[in-house]
Engineer: 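Sharing a structure with you now.
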Amino acid sequence: MRLLNLKAGFLRRRAPDSPLSARPQPEEAQKWAESFTALMASKYGSSLYRAFLLREFSNENLEFWLAVEEYRNSKPQKMAAKAQQIYNDFVAVQAAKEVNLDSETRLITLTNVQSNNPDQHAFDRAQRRIQHMMERDSYLRFLQSELFLELVQTNQCPTSTGCGTDDSSSVL
């Protein structure tokens with residue numbers, strides 16, 4: 001129940017026509033359906049996707065993907081420590097937030113991380129695999145979710161006329 005309340009608050013912070021509204025217009029939300037990259041490029045879209053994954057208890061792939069994005073922008077002197085941390089948290093067998101990678105990708109990633117100077121490409125293969133997995137699975141489920149569909153709906157019922165006998169439309 002608490003999660004549903006969070007969802008409602010997340011979607012309905014301010015009136016949609018308010019100039020300060022955090023809620024995107026339906027047109028912006030529809031762009032997220034074009035590609036995973038478009039979704040992740042939107043601050044609101046990526047936050048909503050994260051909320052969706054948390055609700056499904058399957059957020060480790062996105063957390064890994066975001067950690068790698070952050071890692072790529074790290075200062076070179078901090079990359080080795082961050083690479084090891086990402087590996088320990090997500091890639092290592094039995095890691096707390098282990099992502100599903102094939103053994104070859106896991107081994108290549110380990111070799112990259114254990115090199116003297118891991119660079120910004122140390123996780124490229126693993127990140128591509130996880131992104132591909134999300135694009136084929138959780139991203140498609142997200143596009144069918146109530147969270148997403150509520151944002152792209154452009155036909156809202158006027159409160160004066162109502163939309164049938166159900167009174168639930170007045171909750172929005």
Engineer: What distance separates Ser74 OG from Met79 CE, expressed to the nearest 0.5 Å?
Structural biologist: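 With rounding to 0.5 Å, OG (Ser74) is 5.5 Å from CE (Met79).
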Engineer: Verify side-chain hydrogen bond (donor to acceptor under 3.5 Å, both in side chains) between Arg136 and His132, making sure each step is shown before the conclusion.
Structural biologist: CA-CA 6 Å; Arg136 287 189 341 241; His132 184 67; 2.8 Å; yes
Engineer: Under a 4.5 Å cut-off applied to non-hydrogen side-chain atoms, are Asn61 and Ser138 in contact?
Structural biologist: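 No; the side chains remain at least 4.5 Å from each other.
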Engineer: Which heavy atom of Trp32 sits nearest to which heavy atom of Ala38, and what is that distance?
Structural biologist: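 Minimum heavy-atom contact is CD1-O, 3.9 Å.
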Engineer: Using the side-chain hydrogen bond (donor to acceptor under 3.5 Å, both in side chains) rule, take Thr109 and Asn112 through it: C-alpha gap first, then chi angles, then the decisive distance, then the call.
Structural biologist: CA-CA 5 Å; Thr109 304; Asn112 292 344; 5.4 Å; no
Engineer: How far does CD1 of Ile130 sit from CD of Glu60, to the nearest 0.5 angstrom?
Structural biologist: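 Output value for this atom pair is 8.5 Å.
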Engineer: Quick one: which of Glu146, Glu135, Glu56 gives a salt bridge (Lys or Arg N to Asp or Glu O under 4.0 Å) with Arg141?
Structural biologist: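 So the option named by the test is Glu56.
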Engineer: To check you understand the geometry: which heavy-atom pair defines the closest contact between Leu39 and Gly45, and what is its length?
Structural biologist: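 Leu39 and Gly45 have their closest heavy atoms at CD1-O, 3.3 Å.
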Engineer: If every non-hydrogen atom of Thr37 is compared with every non-hydrogen atom of Gln131, which pair is closest and at what distance?
Structural biologist: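 What the structure gives for the nearest pair is OG1-NE2, 4.1 Å.
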Engineer: I'd like to know if the side chain of Asn88 and the backbone of Gln84 have a donor-acceptor N/O pair within less than 3.5 Å.
Structural biologist: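 Here the side-chain-to-backbone pair exists.
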Engineer: Which heavy atom of Ala80 sits nearest a heavy atom of Pro118, and at what distance?
Structural biologist: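 What the structure gives for the nearest pair is CA-CG, 3.7 Å.
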Engineer: Can you check whether Leu107's main-chain N or O pairs, donor with acceptor, with Thr111's side chain at less than 3.5 Å?
Structural biologist: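 Between the backbone of Leu107 and the side chain of Thr111 there is a qualifying donor-acceptor contact (under 3.5 Å).
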Engineer: Using the test side-chain contact (heavy atoms from CB on, under 4.5 Å), find all partners of Arg72 that sit at least two apart in sequence or belong to another chain.
Structural biologist: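 Expected list: Val68, Glu69, Gln120, Asp124, Gln127.
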Engineer: Could you give the distance from OG (Ser58) to CZ (Phe52), rounded to the nearest 0.5 Å?
Structural biologist: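 Reported to 0.5 Å precision, the distance equals 7.0 Å.
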Engineer: Over all heavy atoms of both residues, which pair between Asp89 and Ala95 is shortest? Give the atoms and the distance, please.
Structural biologist: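 For Asp89 versus Ala95, the nearest heavy atoms are O-CB, 3.4 Å.
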Engineer: State, to 0.1 Å, how close Arg106 and Asn100 come at their nearest heavy-atom pair, and which atoms those are.
Structural biologist: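 Heavy-atom minimum between the residues: NH2-C, 4.5 Å.
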Engineer: Please say whether more than 12 non-hydrogen atoms of neighbouring residues, nucleotides or ligands are located less than 6.0 Å from CD in Glu70.
Structural biologist: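 For Glu70, atom CD is not crowded (no more than 12 foreign heavy atoms under 6.0 Å).
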Engineer: Test of understanding: clusters of I, L, V, M, F, W, Y form through side-chain heavy atoms closer than 4.5 Å, transitively. Do Leu48 and Leu143 belong to the same one?
Structural biologist: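 Linked within one cluster.
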Engineer: Is a side-chain donor or acceptor of Tyr71 paired with a backbone partner of Asp119 at a separation under 3.5 angstrom?
Structural biologist: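 Checking the backbone N and O of Asp119 against the side chain of Tyr71, a donor-acceptor pair under 3.5 Å is found.
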Engineer: Determine whether Ile108 and Phe64 fall in the same hydrophobic cluster, where Ile, Leu, Val, Met, Phe, Trp and Tyr are linked whenever their side-chain heavy atoms lie under 4.5 Å apart.
Structural biologist: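 No; tracing contacts between hydrophobic side chains, which count when under 4.5 Å, never links both residues.
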Engineer: Going through the distances and angles, do Met134 and Tyr49 end up as a side-chain contact (heavy atoms from CB on, under 4.5 Å)?
Structural biologist: CA-CA 11 Å; Met134 287 190 294; Tyr49 183 55; 3.6 Å; yes
Engineer: Is the gap between the ring centers of Phe90 and Trp65 under 6.0 Å?
Structural biologist: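 No, too far apart.
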Engineer: For the atom pair CE (Met40) and OH (Tyr139), what is the distance rounded to the nearest 0.5 Å?
Structural biologist: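 Output value for this atom pair is 11.0 Å.
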Engineer: Say you draw a straight line from OH of Tyr44 to CD of Glu28; how long is it, rounded to the nearest 0.5 Å?
Structural biologist: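 Taking OH in Tyr44 and CD in Glu28, the distance rounds to 9.5 Å.
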Engineer: Which distance, rounded to the nearest 0.5 Å, do you find between the OG1 of Thr105 and the CG of Leu110?
Structural biologist: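 Taking OG1 in Thr105 and CG in Leu110, the distance rounds to 12.5 Å.
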